[in-house]
Amino acid sequence: MIDTDILLKAYRLMCTAKAMAETYEDNRQLCKYVHSTSRGHEAIQLATAFQLLPCDYVSPYYRDESILLGLGFSPYELMLQLLAKGNDIFTGGREYYSHPNYKGDDKANIIHQSSATGMQAIPTTGVAQGIKFLERIQSDKLKKGVNGELPVVICSLGDASVTEGEVSEAFQFAALHQLPIIFLVQDNGWGISVTSEEARTNNANEMVKGFKGIKRISIDGSDFLQSFDVMKNVVDEVRAERHPFLVHARVPLLGHHTSGVRKEFYRTDEDLAKHAEDDPGPKLRNKLLETGVTEETLSSIETETAKEVLHHFQGATAAPEPDPATVSDFIFVPTPITEETGEREPAGKEKVLMVDAALFAVREIMEDFPESLLYGQDVGRRLGGVFREAATLAEQFGDHRVFNTAIQEAYIIGSTVGMSAVGLKPIVEVQFADYIYPGLNQLVTEISKSCYLSCGKFPVQTLIRVPIGAYGGGGPYHSGCVESTLLTIKGIKIVYPSNAADMKGLLKAAFLDPNPVVILEHKGLYWSKVPGTEEAKKTEPSRDYIIPLGKGNVVLQADDDYVDSGESCCIITYGMGVYWAKAAAKNFTGQVEIIDLR
């Protein structure tokens with residue numbers, strides 16, 4: 001039997017959530033930003049939150065305000081985000097309601113949460129992947145409970161989001177690697193105005209049967225007692241046995257989809273009445289009366305919570321607006337690499353190919369940083385990369401640090417959000433630039449915005465290696481250049497070395513940068529086989545050689561006389577363009593300056 005104090009706590013928070021929804025509805029002029037409430041979902045959300053420890057991670061979705069209440073966030077704190085106030089503890093007034101992030105020692109951690117439906121599945125599975133790795137290497141970065149409890153990860157989703165392909169990528173990786181993650185899927189039968197019958201052949205509980213290794217259960221998520229017992233058992237099992245689980249919770253939708261897409265627009269009176277029958281609040285109220293709690297006690301809770309919510313709302317309404325001067329804060333966090341250091345051309349060293357310079361840099365990184373790891377398609381022991389750019393690394397560092405993934409560009413890229421959040425330094429590879437597009441959603445929606453929308457709490461330290469450009473007979477789908485696309489994404493850094501020395505120095509700086517960096521590696525320069533690219537081979541720099549990002553290099557200087565007379569030109573380029581520019585400059589001796597953006 002669940003302790004009455006827990007039941008009363010749950011009822012108080014259900015009353016709080018109901019009063020909050022009613023307050024927002026009564027003050028629509030003030031609550032002008034789009035928001036959703038948890039009405040109908042309160043029981044399963046509170047039952048989930050009550051199981052979590054400060055060492056755990058949870059990714060709530062936009063309807064999960066009751067999870068946040070259950071974790072201990074106050075209505076005032078949630079309302080600051082509702083009203084986009086400057087002292088919103090999550091995003092500083094930059095995000096919609098119930099888009100939290102949190103890093104602390106008193107509650108479960110929450111990585112940046114976006115509005116993109118289902119997209120939290122990959123980053124959150126990345127958290128579980130990182131936790132398993134930290135366990136494997138027995139790292140002191142692994143946070144445990146006060147009694148040595150191992151952390152669990154919860155990814156909360158609406159059932160309509162499970163049709164997203166990236167959710168399936170997360171399921172696949174979690175099942176294959178037996179990660180300590182619980183997918184909580186709340187099914188209210190609607191996806192905005194689309195019914196479940198219109199959108200999918202089966203629910204999440206039925207769908208996940210196809211992923212061998214994920215345990216599953218379907219429950220009545222409007223029943224707090226059943227929800228609490230199930231979530232306690234599931235969390236305890238995953239905490240101890242370290243495998244994935246899916247909980248499918250059937251719930252009513254009592255509120256609007258959002259404040260802008262209102263229930264009366266598309267739902268019938270019959271449908272609304274049917275959902276109202278499963279309101280978790282009255283169900284729990286009746287159960288409390290059955291256990292001997294008095295009507296007076298429950299009425300008192302209802303009155304108190306209504307007054308408390310009004311007080312919190314008045315305080316949030318009066319809170320200061322964001323300072324416009326801060327709008328550009330936290331696009332990046334500062335990098336420690338600001339100066340070129342080490343020897344670029346040490347005596348006695350031989351020239352190396354660009355592909356080997358990259359290999360040597362990654363090897364030295366992995367020797368120096370036990371929290372670093374490399375994964376992607378075909379980079380593991382058997383092949384070591386289709387360009388041999390990861391050759392021998394798995395043999396040296398082990399299959400737990402250098403390993404293959406499935407063909408899952410979204411997972412490869414997006415998982416680094418979670419890996420970085422637990423203190424790891426992932427290096428991942430997209431095999432060809434042409435195939436980065438399936439990963440762009442994660443790069444744009446999750447990675448590029450994480451630092452900005454978490455006010456610097458969750459910058460994503462990731463190094464994404466991307467072989468790019470034409471080589472040999474690559475054809476139209478293995479020769480693409482994507483830098484013009486990537487450069488439109490605010491919040492990531494782009495590096496494009498043109499020679500072996502720059503490759504090593506820039507790759508190390510990119511790894512040490514606490515922000516996301518994509519390094520584009522031209523395949524035509526890897527082996528200097530393309531005529532005119534012999535100078536891409538350079539003396540291997542010293543182990544400590546680093547080039548700060550964002551500083552170009554003058555590859556060729558024009559003569560001062562030509563500059564003074566106005567008979568010179570400057571070519572600003574990068575990568576293979578450096579060699580095209582050099583070839584052209586031979587026809588204009590002394591008249592051309594070439595700057596490599598790097």
Side-chain angles (χ1 to χ4, degrees), residues 34 36 38 40-41 44-45 48 59-64 67 96 98-99 113-126 128 153-176 179 181-219 221 244-253 256-258 261 263 265-267 271 275 406-415 417-418 437-446:
V34 175
S36 299
S38 59
H41 294 229
I44 184 61
Q45 291 183 16
T48 299
S59 287
Y61 83 114
Y62 59 83
R63 201 177 295 284
D64 276 338
I67 283 185
Y96 282 161
S98 194
H99 284 64
Q113 300 300 306
S114 74
S115 293
T117 310
M119 293 306 102
Q120 72 272 33
I122 286 177
T124 310
T125 305
V153 180
I154 292 184
C155 179
S156 180
L157 300 154
D159 195 67
S161 71
V162 176
T163 55
E164 288 279 7
E166 291 178 32
V167 176
S168 291
E169 289 193 23
F171 287 170
Q172 184 74 256
F173 200 94
L176 181 65
L179 303 182
I181 184 168
I182 300 162
F183 297 100
L184 170 62
V185 181
Q186 300 172 58
D187 186 357
N188 60 34
W190 287 96
I192 308 184
S193 68
V194 180
T195 65
S196 57
E197 292 78 14
E198 290 177 277
R200 51 196 184 274
T201 60
N202 49 26
N203 63 39
N205 180 59
E206 296 160 340
M207 171 191 174
V208 85
K209 284 197 296 187
F211 294 92
K212 184 179 179 181
I214 299 180
K215 295 187 69 173
R216 61 193 177 89
I217 189 171
S218 185
I219 66 170
F245 214 117
L246 184 141
V247 177
H248 172 253
R250 303 178 304 279
V251 292
L253 178 59
H256 307 289
H257 169 67
T258 66
V261 182
K263 58 188 178 184
F265 293 173
Y266 59 93
R267 296 177 66 185
D271 176 71
H275 280 248
I407 303 172
Q408 294 181 325
E409 287 84 3
Y411 189 87
I412 292 167
I413 290 173
S415 61
V417 175
Y437 294 103
L440 277 188
N441 195 18
Q442 288 293 318
L443 190 61
V444 174
T445 302
E446 306 298 331

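The model shown is predicted, which means the values in this text are computed figures rather than measured ones. All values below come from the heavy atoms of this structure, side chains included, with hydrogens, waters and symmetry mates left out.
In the displayed structure, I407 atom CD1 is contacted under 6.0 Å by at most 12 heavy atoms of other residues, nucleotides or ligands.
When the options R267, R63, K263 are evaluated for a side-chain hydrogen bond (donor to acceptor under 3.5 Å, both in side chains) with H257, the one that passes is R63.
Rounded to the nearest 0.5 Å, atoms CG (L184) and CD1 (I67) are 6.0 Å apart. Taken to the nearest 0.5 Å, the CD1 atom of I214 stands 12.0 Å off from the CD1 atom of I182. Atom OG of residue S415 and atom CD of residue E446 lie 12.0 Å apart, to the nearest 0.5 angstrom. Interatomic distance, N205 CG to R216 CZ, rounded to the nearest 0.5 Å: 4.5 Å. Rounding to the nearest 0.5 angstrom, the gap separating the OH atom in Y62 from the OG1 atom in T117 is 5.0 Å. With values rounded to the nearest 0.5 angstrom, I122 atom CD1 is found 8.5 Å from N441 atom CG.
At a threshold of 4.5 Å between non-hydrogen side-chain atoms, the residues T124 and F183 do not count as touching. Between H248 and V208, every side-chain heavy-atom pair lies at or beyond the 4.5 Å cut-off. Between D64 and Q186, some side-chain heavy-atom pair lies under the 4.5 Å cut-off. Residues F211 and L246 are not in side-chain contact: their nearest non-hydrogen atoms beyond the backbone lie 4.5 Å or more apart. By the 4.5 Å heavy-atom criterion applied to side chains, T125 and F171 are not counted as neighbours. When side chains are defined from C-beta on, W190 counts as touching T195, because their heavy atoms get closer than 4.5 Å. Side-chain contact between Q113 and M119 is absent, with no heavy atoms from C-beta onward closer than 4.5 Å.
The shortest heavy-atom contact between I181 and C155 is CD1-CB, 4.2 Å. Across all their heavy atoms, H275 and N188 have their closest contact at CE1-O, 3.2 Å. Residues A249 and G221 share a closest heavy-atom pair of CB-CA, 4.0 Å. Heavy-atom minimum distance, P244 versus A174: CG-O, 3.5 Å. Heavy-atom minimum distance, A199 versus T163: O-CG2, 4.2 Å. Taking every heavy atom of both residues into account, P438 and A410 meet most closely at O-CB, 3.5 Å.
Judged by distance alone, the side chain of S38 and the main-chain N or O of H41 form no donor-acceptor pair under 3.5 Å. Of the possible polar contacts, one joining the R250 side chain to the I219 backbone as a donor-acceptor pair under 3.5 Å is found.
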Exercise for the section: Carefully, step by step, assess E164 and S161 under the rule side chain to side chain donor-acceptor pair (under 3.5 Å). Expected result: CA-CA 6 Å; E164 288 279 7; S161 71; over 6 Å; no
Handout entry: Residue pair D159, R200: steps toward the side chain to side chain contact (heavy atoms under 4.5 Å, CB included) verdict
Key = CA-CA 10 Å; D159 195 67; R200 51 196 184 274; 2.5 Å; yes
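Between Y411 and F173, the ring-plane angle classifies as parallel under the 30° and 60° cut-offs.
Looking only at atom types and distance, the side chain of E166 has a donor-acceptor partner in the side chain of Q442 under 3.5 Å away.
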